[in-house]
Amino acid sequence: MNEQAGIPRFGVVPGVAVHRVLNGHEPEIVSLVEKAYRLHGEARTVNPPSYFLRFPDRPSARIIALPASVGGERPVDGIKWISSFPSNLERGIPRASAVLILNDPATGYPYACLESSIISAVRTAASAAVAARALLVGRPGPRRIGFVGTGLIARYLHQYLSTLGWEPEELGVHDLSDRYAQDFARHLRETDGETSVRVYGSSQELIRASDVVVLATTAAEPHVADPSLFDHHPLVLHVSLRDLSTEVILDSVNVVDDVEHVLKAGTSVHLAEQLTGGRDFLAGTLFDVLTGRLAVPADRTVVFSPFGLGVLDMAVGEHVFSRAEEAGEVTAVDGFFHDLARHSGPRTEGAR
């Protein structure tokens, strides 16, 4: 923790500094996130359930608290506070905003507040890259990659999947908003100039054409219901968690990031558990794949459903803070902790 003469210090890392630390360092962040997954699988983390603040008068909105602790060589505790307000899109701003608070493991004092919508998007994208790299072992490199949903997360997912050395012939795009789909397609053409980019009129058409399907929507309930769409057995990165029907889930090999976390809040795998009364449809976790305990078949549809673990935010956030501090980009808040003496003031006469 930042300390000077025994006084805890507190600093703020703005989004511009977060972006500078992370942008262009995708392989390093993918490795960092994989290491965090391994620590989690080795029970060297603490990742309590997420807490949802919901609003009766704004049913589509929510704010989520994700407390977590990471051990290992660079321990850190903290909490992410992230809001999702889909109506923000009508205001021309992203639906999600977030801050990350980091606490010193020795004293418990918070020492940093970081803008965290970028960190959240990056750890989500890096998580998908770790999973895709591990789950495609034994399969040929994907020729067609399809994105359903074209928001900020989709942009980061494309950025991080592009580091895996794939050479796709086509990038497919679908969104309920044709304008959003065309904007994302334009972005892909500008950043992936040698790869053909196609806008699909339906998610079904895109799924049938894709070897890797990336689901990054704001869907609150399943909208992809036909298992035959997956007869070609793609890898499905089910980042948005609620797109697939129970029939599709039960017809697939299902890998998750954490069993207890993902089986809640109406996710597709949660609905499958409720229908079947069990968890036998889950093949295992990403940690099982990374350690060789689980080998996924190449002749089945494989669905990766990551609930999103706070430990990933902590690992990436600690990295960002350390690099920003080295670069002098942490804004210190002098006097943030003020009344630090157990007892203060002059002794009164007769006091013992």
Side-chain angles (χ1 to χ4, degrees), residues 52 54 58-62 64 84-90 94-96 121 124-125 128 131-132 144-158 171-185 198-257 262-276 281-282 300-308:
F52 289 73
R54 299 185 184 275
R58 292 157 286 164
S60 67
R62 63 184 186 270
I64 312 171
S84 176
F85 280 54
S87 61
N88 283 350
L89 298 177
E90 301 169 8
R95 66 174 180 83
T124 299
R144 293 182 176 86
I145 304 170
F147 294 84
V148 180
T150 60
L152 180 73
I153 293 295
R155 172 159 61 85
Y156 278 97
L157 286 163
H158 168 256
L171 298 174
V173 173
H174 172 73
D175 196 286
L176 293 178
S177 166
D178 183 64
R179 180 169 67 87
Y180 292 162
Q182 295 295 343
D183 286 347
F184 188 52
R198 177 181 174 185
V199 176
Y200 284 82
S202 70
S203 59
Q204 292 82 1
E205 185 183 7
L206 178 145
I207 290 168
R208 289 189 188 277
S210 302
D211 304 311
V212 174
V213 178
V214 183
L215 298 173
T217 75
T218 58
E221 57 186 25
H223 58 96
V224 180
D226 184 1
S228 71
L229 295 173
F230 303 88
D231 282 349
H232 56 303
H233 306 313
L235 168 64
V236 182
L237 300 174
H238 192 196
V239 174
S240 38
L241 290 170
R242 297 171 178 85
D243 303 271
L244 303 178
S245 70
T246 295
E247 291 76 15
V248 172
I249 291 294
L250 296 181
D251 198 49
S252 306
V253 176
N254 291 280
V255 178
V256 300
D257 54 354
V262 79
L263 291 174
K264 63 176 63 173
T267 64
S268 291
V269 290
H270 184 207
L271 298 179
E273 180 194 33
Q274 291 177 325
L275 181 68
T276 63
F281 62 90
L282 295 180
R300 295 279 308 281
T301 299
V302 176
V303 176
F304 176 58
S305 298
F307 193 74

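Residue indices begin at 1 and follow the sequence shown. Keep in mind it's a predicted model, so treat the numbers as computed, not measured.
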Worksheet item: So do the side chains of L89 and Y180 get within less than 4.5 Å of each other, counting heavy atoms only?
Response: yes

Practice prompt. Please name all residues satisfying side-chain hydrogen bond (donor to acceptor under 3.5 Å, both in side chains) with D183, sequence neighbours left out, ordered by chain then number.
Written response: R186

Worksheet item: Considering all heavy atoms of both residues, which atom of S252 and which atom of V248 are nearest to each other, and what is their separation?
Response: OG-O, 2.7 Å

Worksheet entry | Spacing of OG1 belonging to T150 relative to CZ belonging to R155, to within rounding of 0.5 Å | 11.5 Å

Practice prompt. Check the pair L282 / L263 against side chain to side chain contact (heavy atoms under 4.5 Å, CB included), numbers first and verdict last.
Written response: CA-CA 10 Å; L282 295 180; L263 291 174; 4.0 Å; yes

Worksheet item: With distance as the sole test, does T267 use its side chain to make a donor-acceptor pair with the main-chain N or O of R242 at under 3.5 Å?
Response: no

Worksheet item: What distance separates L244 CG from L271 CG, expressed to the nearest 0.5 Å?
Response: 10.5 Å

Worksheet item: Under 3.5 Å, is there a donor-acceptor pair linking the side chains of S84 and R95?
Response: yes

Worksheet item: Do any pairs count as a salt bridge (charged side-chain N to carboxylate O under 4.0 Å, His left out) and have a residue in residues 200-220, sequence neighbours left out, and if so which ones?
Response: R198-E205

Discussion item. To the nearest 0.5 Å, what is the distance between NE2 on H270 and CG on L275?
Written reply: 12.0 Å

Discussion item. Pair H238, V269 - check side chain to side chain contact (heavy atoms under 4.5 Å, CB included), show working.
Written reply: CA-CA 10 Å; H238 192 196; V269 290; 6.0 Å; no

Worksheet item: For the atom pair CG (L206) and CG (D175), what is the distance rounded to the nearest 0.5 Å?
Response: 11.0 Å

Worksheet item: So, does D257 use its side chain to make a donor-acceptor pair with the main chain of G308 at under 3.5 Å?
Response: yes

Fill in: A121 versus Y156, closest heavy-atom pair with distance
CB-CD1, 3.6 Å

Worksheet item: OG1 of T301 to CD1 of I249: how many Å apart, nearest 0.5 Å?
Response: 10.5 Å

Fill in: Shortest non-hydrogen contact between S203 and V224, atoms and distance
OG-CG2, 4.5 Å

Worksheet entry | Non-neighbouring partners of F304 that pass ring pair (Phe, Tyr, Trp, His ring centres under 6.0 Å), sequence neighbours left out | none

Discussion item. Working to the nearest 0.5 angstrom, can you tell me the gap between S210 OG and L229 CG?
Written reply: 11.0 Å

Fill in: Under 3.5 Å donor-acceptor, H232 side chain and I207 backbone
yes

Practice prompt. For the pair L237 and L157, evaluate side chain to side chain contact (heavy atoms under 4.5 Å, CB included) and give the outcome as yes or no after the intermediate values.
Written response: CA-CA 10 Å; L237 300 174; L157 286 163; 5.8 Å; no

Discussion item. Working note: T276 + L250, criterion side chain to side chain contact (heavy atoms under 4.5 Å, CB included); need CA distance, chi angles, decisive distance, verdict.
Written reply: CA-CA 9 Å; T276 63; L250 296 181; 3.9 Å; yes

Practice prompt. Please name the pair of heavy atoms, one in F85 and one in R58, separated by the smallest distance, quoted to 0.1 Å.
Written response: CE2-NH1, 4.0 Å

Discussion item. To check you understand the geometry: which heavy-atom pair defines the closest contact between F147 and A154, and what is its length?
Written reply: CE2-O, 4.1 Å

Fill in: Closest approach of S60 to P86 (non-hydrogen atoms, all atoms of both residues)
O-CD, 3.3 Å

